[in-house]
Amino acid sequence: MSEANKSRSQPKSSGNFKIAKDAVVCSEAQLVGDVTIGSRTVIHPTARILAEGGPIVIGDNNLIQEKVTIINSKPSNVESSNVRCMIIGNGNVFEVGAYSESMVVGDRNTFEAKSRVSRVTAISSHCVIGAGCSLDSAETIPPDTMICGRENRQFTMKSVHSSNQQQLDLLIKMLPNYHRLTKSVQPA
């Protein structure tokens, strides 16, 4: 492979990463800025975690699939000294192509394929953001809410909380066999 193709195929990761020892972060994922990744969290190749406007803290047992973008962007109307930390709780699933700028994500949520959540929308816990849904209103989505359809209809779900543990167990065993992993970068 030529040097040009090697550099094009490898995402540029830079910053201060704190990655739990039992987390699996593929080196083909792009991490930028101050990023903390919790225990047993799995980050697939081509995922992008971009802490441009402040730190991102990702909790335990999260699954972040291919082509997901999680970004703490710098708002254009805020002074550079006003930094906000993005907090993502435990047990969340971000499916292929999901995009989130939400500053607060609770526990055990599912962001289905190609869903989009803006910076001003907070997600509580046990929610499902349906495939292709886009949320950009300044609100907190209540617990046990499912959002689906072109009109982003909201429904309250019965408290049936599934677990992603079996999938995480399999990925934690399999991904290191086929991908290089990123480890913590200690500050200089």
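Because only heavy atoms are used, hydrogens play no part in the values below, and waters and symmetry mates are left out as well, while side chains stay in.
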Student: Atom CD1 of Ile71 and atom CZ of Arg119: how far apart are they, to the nearest 0.5 Å?
Tutor: 9.5 Å

Student: Distance from Phe111 atom CZ to Cys133 atom SG, nearest 0.5 Å?
Tutor: 12.0 Å

Student: With rounding to the nearest 0.5 angstrom, report the NE2 to CG distance, His126 to Asp107.
Tutor: 6.5 Å

Student: For Asn62 and Asn92, test the side chains for any donor-to-acceptor distance below 3.5 angstrom and give the result as yes or no.
Tutor: yes

Student: Return the minimal non-hydrogen interatomic distance between Gly38 and Ala23, and the atom names on each side.
Tutor: O-CB, 3.5 Å

Student: Could you grab the distance from atom CD1 of Ile43 to atom CD1 of Ile64, nearest 0.5 Å is fine?
Tutor: 4.0 Å

Student: Distance alone, cut at 3.5 Å: any donor-acceptor contact between the side chains of Thr145 and Gln154?
Tutor: no

Student: What are the two closest heavy atoms between Asn164 and Gly91, and how far apart are they?
Tutor: ND2-O, 4.0 Å

Student: Return yes if some donor-acceptor pair links the side-chain N/O of Thr41 with the main-chain N/O of Gly59 below 3.5 Å, else return no.
Tutor: yes

Student: Going by heavy atoms in the side chains, are Asp169 and Arg40 under 4.5 Å from each other?
Tutor: yes

Student: Any luck finding a side-chain donor-acceptor pair between Glu66 and His44 under 3.5 Å?
Tutor: yes

Student: Please find the pair of heavy atoms, one from Val68 and one from Glu95, that lie closest to each other, and give the distance.
Tutor: CG2-O, 3.1 Å

Student: Does atom CD (Gln166) have a neighbourhood of more than 12 heavy atoms from anything else shown, all under 6.0 Å?
Tutor: no

Student: Run the side chain to side chain contact (heavy atoms under 4.5 Å, CB included) test on Leu135 and Ile123 for me, step by step, so that the C-alpha distance in whole Å, both residues' side-chain angles and the decisive distance to 0.1 Å come before the verdict.
Tutor: CA-CA 10 Å; Leu135 302 176; Ile123 309 297; 4.2 Å; yes

Student: For the residue pair Val25 and Ile49, establish whether any side-chain heavy-atom pair is separated by less than 4.5 Å.
Tutor: no

Student: One thing to verify: whether Asp144 and Lys158 come together as a salt bridge, which I'm taking to mean a side-chain N less than 4.0 angstrom from a carboxylate O.
Tutor: no

Student: Linking I/L/V/M/F/W/Y whenever any side-chain heavy atoms sit under 4.5 Å apart, do Leu171 and Val93 land together?
Tutor: yes

Student: Between Ser102 and Thr121, is there a donor-acceptor pair closer than 3.5 Å when you use the side chain of the first and the backbone of the second?
Tutor: yes

Student: Look only at the side chain of Asn109 and the backbone of Ser124, and say whether a donor-acceptor pair between them is shorter than 3.5 Å.
Tutor: yes

Student: Distance from Glu112 atom CD to Cys148 atom SG, nearest 0.5 Å?
Tutor: 8.5 Å

Student: Give a yes or no answer on whether the side chain of Asp34 reaches the backbone of Ala51 with a donor-acceptor pair at less than 3.5 Å.
Tutor: no

Student: Only one of Thr110, Leu63, Ile88, Ile129 clears side-chain contact (heavy atoms from CB on, under 4.5 Å) with Phe94; which?
Tutor: Ile88

Student: Please answer whether the main-chain N or O of Ile56 pairs with a side-chain N or O of Asn72 as donor and acceptor at a distance below 3.5 Å.
Tutor: no

Student: When clusters are formed by joining ILVMFWY residues with side-chain heavy atoms under 4.5 Å apart, either directly or through shared neighbours, do Val105 and Val57 land in the same one?
Tutor: no

Student: Evaluate side chain to side chain contact (heavy atoms under 4.5 Å, CB included) for Ile19 paired with Leu31, printing each intermediate quantity in order.
Tutor: CA-CA 11 Å; Ile19 301 171; Leu31 304 177; 4.2 Å; yes

Student: Is it true that a side-chain atom of Ser115 and a backbone atom of Ala98 form a donor plus acceptor pair closer than 3.5 Å?
Tutor: no

Student: Just checking, any donor-acceptor pair under 3.5 angstrom between side chains of Ser39 and Asp22?
Tutor: yes

Student: Restricting to non-hydrogen atoms, name the atom on Cys26 and the atom on Pro45 that form the minimum distance, rounded to 0.1 Å.
Tutor: SG-CD, 3.6 Å

Student: Please report the closest heavy-atom contact between Gly53 and Val83, naming both atoms and the distance.
Tutor: O-CG1, 3.5 Å

Student: Rounded to the nearest 0.5 Å, what's the gap from CD on Gln30 to CG on Leu50? Could you check?
Tutor: 5.5 Å

